Protein chains: 2
Amino acid sequence: MLSKRQDTINGFQALLEKMSHYQEALALIAWDLRTGAPKKGVERRAKVIGTLSGELFSMQTSDEMAGYLDALQEADSQTPLDKVLRRSVEKARKEFDKYRKIPKDMYREYVELQSIAESVWEEAKPAADFKKFEPYLEKIVRFNIEFAELWGYEENRYDALLDQYEPGVPVSKIDGVFAQLRENIVRLLEAVQASPHQPDTSFIGQTFPVEGQRAIGRYILEEMGYDFDAGRLDVTVHPFAISLNPGDVRVTTKYDTRDFRTALFGTIHEGGHALYEQNISKDLLGTPLCTGTSMGIHESQSLFWENFIGRSYAFWSHYYDKLVEQFPEQLKSVDLDAFYRGINVVKPSLIRIEADELTYALHIMVRYEIEKGLINEEIRVSDLPEIWNDKMQEYLGVVPSHDGEGVLQDVHWSGGSFGYFPSYALGYIYAAQFLHKLGKDLPDYERSVAEGDLSPVKAWLAEHIHRHGAMYDPRDLLRRVTGEDLDARHLVAYLEQKYRDVYRIPNEDSEG
Amino acid sequence: MLSKRQDTINGFQALLEKMSHYQEALALIAWDLRTGAPKKGVERRAKVIGTLSGELFSMQTSDEMAGYLDALQEADSQTPLDKVLRRSVEKARKEFDKYRKIPKDMYREYVELQSIAESVWEEAKPAADFKKFEPYLEKIVRFNIEFAELWGYEENRYDALLDQYEPGVPVSKIDGVFAQLRENIVRLLEAVQASPHQPDTSFIGQTFPVEGQRAIGRYILEEMGYDFDAGRLDVTVHPFAISLNPGDVRVTTKYDTRDFRTALFGTIHEGGHALYEQNISKDLLGTPLCTGTSMGIHESQSLFWENFIGRSYAFWSHYYDKLVEQFPEQLKSVDLDAFYRGINVVKPSLIRIEADELTYALHIMVRYEIEKGLINEEIRVSDLPEIWNDKMQEYLGVVPSHDGEGVLQDVHWSGGSFGYFPSYALGYIYAAQFLHKLGKDLPDYERSVAEGDLSPVKAWLAEHIHRHGAMYDPRDLLRRVTGEDLDARHLVAYLEQKYRDVYRIPNEDSEG
C-alpha cells in the first residue's frame, strides 16, 4: 500500500518535472524573441511555440495527470501528504480543471493568435493604427469571454480571468480598494498640483550617455543582491524580467539618453522581480510552486524596490554620490534634496509606464474598468479609442492626441492578458502592506539603506515572501506576513506622507 | 487507396514537422548556452535538453515512424513518391535504423554525459589538466565504440562513426586522399620554409581595437550576402554558426585586439556556413533535408569563403581600402602586396584553429589517426597526451609544452563528436573541387571579386550547393556539381599555385 502511494508520488513528481522542462524551453524562446531574434525566423518560431505549449497543455490535462490527482487527493485524505506535495496537487488540479475545459484545438489556435496579434500590435502602435489591430483584439476578447464562460465564476464573468493572475481577488474586492485608493489619490493630486513648491526637474532633460547608465544600473542591481551568475542583463524595447529557473533569471532594460530615469528605475523594477525568482527555495524546483505566487505579489516586489527603496530619500542619501561619479557634469549643481524632489515629481501623463508613483494606479483603473466592460460585453472593441480617451480625461485629466499614445500603448491585450492589469495596482497595495510590516520588524531599515546596506531589506523579503514561491495564494501570504487582509490604507498613508514631504504640503491636522 | 496514400504522407509530414520544432528549440538552447547563459542555470538546462532530445529521439524511433516508413517505401514501389518526400523517407529511415539500435536510457545517459563532459573540459583546458578530463573522455569513447558496434560497419569500426558526418566516405577512401594530400603538403611546406622570401608579418602584432574589427566584420558579412534579418552576430569564446531555421541562422565571433585575423577570417568562415543554411530552398522546410548535407560539405562552404575568397589577392584588391579606413594608423605603411603575403604566412603551429591554410589539414590528420586508433582500441585514452605530442612532432614538427595547447585544445571530443574531424579536411578538398568548377562556369569570377561584387560567387554556390540542403549525399552532390568523385588534386594544385606565389618559389618545371 505504502509502495503504491510512493509510486504515485514519484510518477506525479516526474510528470511535473517534465512539464517544468517544457516551461523552461518556452521561457527561453520568449526571452529570445524579445532580445534580438531575427525577424525572418519568427513565423517558424511561432510554430515551435505552438508545438511545445501544445505538448505542455497535453500533459497538464492528460488522463495520466487526472489519475495522479485523484489518487493523491485520496491518499491525502488517509495520511496527509507533505505540504509542498499537497500544494502542488492543489495547483495542478486547478490548472487541470481550467485547461481541461478548453478544447485542445481552441487552445492551440489561441496560442498562435497571440503570437501573430503581438506582431500586428508592434506595427499598429507606431502607426497609431487601431483599425489594423482591432480585428485581432476582437478575436482575443472573444476567446477570453469564451474561456471565462468555460471556467465559470460566481459573481462576475471577469472574475474568471482575474483569478488567473490574482487568485482569490474578485471584482467585488477590487472595486472597493480601488475606490478607496482613487478617492485619496485624486485628493492628494489636487493638493500636489496646487502646491507652490513644484520640484525643479530641469536636470532630467540633460543628455546622460548610455555607458554611465549601464554602469550605474549594473552596480545597483549588484547592490540589491541580484546574482549575475544566475542571470543576465540585456537591452530590449520593452523591459522585462523572466525566470527560466531560479539559477537563470534574466532582466532587460532600455537606455534613453534624454531621460536617465527610464533605465535607472526600470532596472531596479525588473531587479525586484528577479530577486523574487532567484530566491525561491530549492525545495520547490520542478514543481508548479517554483514561481511567484501571483502577478500582484510579483509586482509588489518590483514596486517595493523601484519606489519604496529606489525613489526614497534614504537610498539616495548613500547612492547619489555614486550617480554623480558617473555623471559629474550633469549633476554637479544638483544637490541631494533637489535630486530627490526631482525624481519624485508628479505629472499626470498619457503613458502608463512613464507615470509617476502617485498617478500610476489611475492608469491601471482606466484599464480595469475597460476590461471589466469588454468581458461583460458592456463595451465594444470598436469603441475603445473613444472610451479610452474619455476615461483618461475623467481619471487623469489628460487626453491622447493619437491611439499610439492611447489605447494601443500596452502590449498586454495583444497577448490576451485580460485580468492582468489590476495586479499592478494590487501589487502596489500589497507592497505598502509589506513595507509597513518590515518597518515594524526592522525599525532601523532606513538607516541601513542610508548607509548603503540593502541586505536587511533583501533578506527580509526573501525570508517572508520570496522563498515561499507559490506556496500560498496572495491574500493568504499577505495574512501570513502582515496579519492583515488586502487593504489600501497603508498605501494611502505612505503616499500622503511622501508627497506632503516632496511638495511641502502642510499637514491637514496642523492646519486645522 | 489514393486517399490512404495521402493520409500516410500527411501523417509522416506532420511528424517530421513536429520533430523539426523540437530540433529548433534544442538549437536555441545550444546557442543560448554558448552566448552568455548564466552558469547557475546550466545544470537544470541540461535536464531540459535531456527531456526535449529524449522526446525527439522517441519520435525518430517510434512505432508511428516505423509504420510511415514501411508504408511509404511500399507506396514508392507502386507509384514513385516525389523526390523530396522520397529522400525524406530515406533520411528518416537511416536515422530510425541508427537510433532504434540504441536503447533509450543509454541515449539519454549519453546526452547528459555530453553536457557535463563539455563543462569539465572547459575547466580542464585552461588548467592543462588532462587527468581531470580523462574519465569523461574514457566514457565517451566507450559509448562511441558501443554505438559503432550497434550500428555495424563493413570494413572498419570507425566507418560507422564517420558515416554520421560524412555519409558514404569511409576510412578506405579517406586514407587514400589524406595520404596524397599529406605528401604534397609536406613537400610544399619544405619549399615554403626554405624560401628566402618570407612574408613580413610585423603589422599583425599591432593593436586593432574591437570597434573597428566589429565594423569591418559586419560589413564583410553583408557584402557576402549574409542576411542580418535572418540572423545575428554575437560574441563567444568559441565562434560558431547555428541554424534554428533558414530565417534564423546565427553566427558568432571573437575579437582579439592583438590579432585581427581571429575575428576577420573567423567571421568570414562562420558566414560561409551561414550562407549555406540561409539559402536552403523553402521547399525543404520541416523535413530532415532542411540542413547542410554533411559536415564536410558545410566546411567546404566556410573554407571556400574564408580561404579562396577571404585570403585571395582578388578580394583584398577591392576590400583592403575598407580595412585601411578602419585602421589607418596600423596599416598606413603596409601595401596591398605586403598585406596579402602577411595574411598568408605559413607557420606550423600547435593550435588547429590558428593554423594557416597550408598546414591546417595536417592538424586534422593527427586527430583522424588518433580517433581511428581509439575507436579500434589500438590506442588508450590514458596514453593520449603522449601520442598527441608524438604525432604533432611527426606531422608538423612542433610539440606542445602542455596539454592545454595539445590534446585538450578542441571541444569536439568532450561533445562525443568522433568522426567529425576528418570533415574539416574533406571540406577543404571538396571546396577546391567546387572552386575548379566555378572557375570554369564563371571564368570572370575573380574580376568580379576584385571589383567588390561577391554576388556571382554567392549565387553560384546557392544555386549549385546551398538550395539543395540534404537532398544529395556529399559524393553524389560532388559528382552532380563537378562531374568528379572525391579527389585531392584540385586542392593540391591550388595550394601549389598559391604558395609558390606568396613565397616566390620558382616553378619546378621552369627550373628543370
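Keep in mind the model is a prediction, meaning the values are calculated, not measured. Only heavy atoms go into these numbers, but all of them, side chains included; no hydrogens, no water, no symmetry mates.
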Which one wins on heavy-atom pair count under 4.5 Å against chain B: D229(A), I29(A), L244(A)?
D229(A)
Would you mind reporting whether L28(B) and L28(A) have side-chain heavy atoms less than 4.5 Å apart?
yes
W31(A) vs W31(B) aromatic rings, parallel, tilted or perpendicular, using cut-offs 30° and 60°?
tilted
Less than 4.5 Å apart, side chain to side chain, heavy atoms only: is that true for E17(A) and K47(B)?
yes
Enter the distance from L52(A):CG to E24(B):CD here, rounded to the nearest 0.5 Å.
9.5 Å
Which atoms of I49(B) are under 4.5 Å from chain A, going by heavy atoms: the side chain, the backbone, both sets, or neither?
neither
Taking non-hydrogen atoms and a cut-off under 4.5 angstrom, which of residues 33-45 of chain B neighbour chain A?
T35(B), G36(B), A37(B), P38(B), K39(B), K40(B), G41(B), R44(B), R45(B)
Work out which heavy atom in K18(B) is nearest to a heavy atom in E55(A); give both atom names and the distance.
NZ-OE2, 2.8 Å
Side chain, backbone, both or neither of D227(A) within contact of chain B (heavy atoms, under 4.5 Å)
side chain
Tell me whether the count of non-hydrogen atoms from other residues, nucleotides or ligands lying under 6.0 Å of CG in D105(A) goes above 12.
no
